[in-house]
Amino acid sequence: MRFVFGIAAAVIICAGWAICPASLREEVTRSVTPDAETVEEMRAGAEVILAALAVQAPDLDEDERAGH
């Protein structure tokens, strides 16, 4: 059943693309592109994750230099 719905969706998208490609492209771009606030929240979250990883897993080169 998923396969049938997938094919139906592909046909509808392709038909829309053939009829009016510019407006379909704009609609897809609008629906897929996040707004600026979401992008900033994602960047802030990524920075928090990177900071936590840096604390939990320091660079191995520094450990090797300290051990020798």
Side-chain angles (χ1 to χ4, degrees):
M1 198 65 172
R2 290 182 191 173
F3 183 72
V4 173
F5 285 127
I7 289 179
V11 167
I12 291 170
I13 290 171
C14 289
W17 191 275
I19 293 169
C20 190
S23 65
L24 183 64
R25 255 185 253 139
E26 290 172 7
E27 180 65 30
V28 169
T29 301
R30 251 186 271 124
S31 64
V32 174
T33 305
D35 58 354
E37 182 179 323
T38 303
V39 172
E40 289 301 319
E41 289 176 359
M42 291 168 61
R43 285 186 180 150
E47 289 174 2
V48 169
I49 292 170
L50 289 173
L53 290 175
V55 169
Q56 292 179 1
D59 192 358
L60 293 177
D61 291 336
E62 292 176 8
D63 290 342
E64 289 174 0
R65 274 187 254 136
H68 292 295

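Shown here are the salt bridge (charged side-chain N to carboxylate O under 4.0 Å, His left out) partners of Glu41, two or more places apart in sequence or in another chain: there are none. Every residue meeting the side chain to side chain donor-acceptor pair (under 3.5 Å) condition with Thr38, not counting sequence neighbours, appears here in chain and number order: Asp35.
Met42 and Leu50 fall into different hydrophobic clusters, where Ile, Leu, Val, Met, Phe, Trp and Tyr side chains are chained together by heavy-atom contacts under 4.5 Å.
For residues 42-55, the salt bridge (Lys or Arg N to Asp or Glu O under 4.0 Å) pairs, not counting sequence neighbours, are Glu40-Arg43.
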